[in-house]
2 protein chains.
Amino acid sequence: MAIHTDVTARDSQESVTLSIGALSKRTGVHLETVRYYENIGIMPAPPRSPAGHRRYDREHLKRLTFVKRSRELGFTLKEIRALLALVDGGDYTCGEVHELTVSHLHDVREKIADLQRLETTLAEISEQCADGTIPDCPFIETLFR
Amino acid sequence: MAIHTDVTARDSQESVTLSIGALSKRTGVHLETVRYYENIGIMPAPPRSPAGHRRYDREHLKRLTFVKRSRELGFTLKEIRALLALVDGGDYTCGEVHELTVSHLHDVREKIADLQRLETTLAEISEQCADGTIPDCPFIETLFR
DNA sequence: CTTGATCCCGTAGTTACTACGGGATGTAAT
DNA sequence: ATTACATCCCGTAGTAACTACGGGATCAAG
């Protein structure tokens, strides 16, 4: 499936147009963020109404949903650009997507490991100085060494 | 222990002075970061040599070490400011430190939980599209929905 | 006394947005 | 037709925590 699905003249609702506000509400992406995505080239510049208001169609809606989902999965905008480039090219394979995903998964696992190490240390600290009125907390002492 | 330990005239090495580069090497904090910390008030402005070069002493070294350690534990600069304010005040108690630490620990645990949810999803995805030459990857499909 | 390392400063770039301000439209009710 | 209010426009600046850059001064060693 290419990102630009065929919306032929035979389609039942052939010209869906959404204002930026409507698009924002449907996707849950902030209005300013939509404009931001346009500025940085992640979303294409949509046609404008005579007065200059942006008019979005179903393709825009799909693309923005894609971006939103990918962000929720923790992909950076840079990674999403790569994903979109594949998809826009139209001839991507599952393997290419797999590669990006695995690489991202690796990053996520590293972050988890880092945070778990932190968690352990912080938990130890907070046990050490749980009872509260002692001045000269040992935690503070260790931070100075 | 207050942050400003007494370095009396009787101390064996009474005037340690470090250039910004030396301080940077000893603490592992980038030189530019040291200046940055000075700009934002986390490190005090040190005295200068006649030519205007910064001269640091043991107190600076201790403070910067403190900041470095705290950063490594994932505290934000804002949190570190709070910690330093307690310490600078000199009359902090273990309980106050405990509070900040527990709050931070809570944040860390939330982040871990978030990332673990991500990890699960990403692992599922990468299994689904592991074998590589199929076009129209199912993962991409789901992102469009 | 020359060479190379180090230092100075201010500014801009990074990531992914969010917020602001002031003016122009769109839409609905009267 | 007018009024009122929501929505839209744009560009700029702010957020966190730095990093990088550029061009000039100074220091330390040989």
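Chain identifiers are assigned alphabetically (A, B, ...) following the order of the sequence lines, protein sequences preceding nucleic acid strands; residue numbering begins at 1 within each chain.
Taking atom CG of residue B:L31 and atom P of nucleotide D:dC21, one finds them 15 Å apart after rounding to whole Å. In this structure, the CG atom of B:L18 is 14 Å from the P atom of D:dA28, given to the nearest Å.
The side chain of A:R35 lies closest to D:dC9 when the candidates are D:dC9, C:dG26, C:dC9. When distances run from any side-chain atom of A:S49 to the nucleotides C:dG26, D:dA17, C:dC9, the shortest one goes to C:dG26. The listed nucleotides are D:dC9, C:dT25, C:dA16; the one nearest the side chain of A:R54 is D:dC9. Here C:dC8 is the nucleotide among C:dG26, C:dC8, C:dA16 with the atom lying nearest to any side-chain atom of B:H53. For B:I20, whose side chain is taken as the heavy atoms from C-beta onward, the closest listed nucleotide among C:dT6, C:dC7, D:dT19 is C:dC7. In the set D:dC18, C:dG26, D:dT19, the nucleotide with an atom closest to the side chain of B:E32 is D:dT19. Closest approach to the A:H30 side chain among C:dC8, D:dC8, C:dT18 is made by C:dT18 (side chain taken as heavy atoms from C-beta onward). When distances are taken from the side chain of B:A51 to each of D:dA17, C:dA16, D:dT26, the shortest belongs to D:dT26.
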task: May I have the step-by-step check of salt bridge (Lys or Arg N to Asp or Glu O under 4.0 Å) for B:R63 and B:E59, ending in yes or no?
output: CA-CA 6 Å; B:R63 193 183 182 90; B:E59 287 311 312; over 6 Å; no
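Regarding contacts with the backbone of D:dT19, a side-chain N or O of B:T33 is found under 4.0 angstrom from either OP1 or OP2. Contact annotation: B:Y36 does not reach the phosphate of D:dA16 (side-chain N/O to OP1 or OP2, under 4.0 Å). Residue A:R71 has no polar side-chain atom (N or O) positioned under 4.0 Å from OP1 or OP2 of C:dT15. Phosphate proximity of C:dA16 to A:Y37: absent, as no side-chain N or O sits under 4.0 Å from OP1 or OP2. Side-chain nitrogen and oxygen atoms of B:K68 include none within less than 4.0 Å of the OP1 or OP2 phosphate oxygen of D:dC18.
With B:D114 as the fixed residue, the side chain to side chain donor-acceptor pair (under 3.5 Å) test singles out one of B:Q116, B:K111, B:R117: B:R117.
Between the side chains of A:D107 and A:H104, no donor-acceptor pair of N or O atoms lies under 3.5 Å.
Residues B:N39 and B:A22 each lie close to DNA chain C; by heavy-atom proximity, the contact nearer the 5' end of the strand is made by B:A22.
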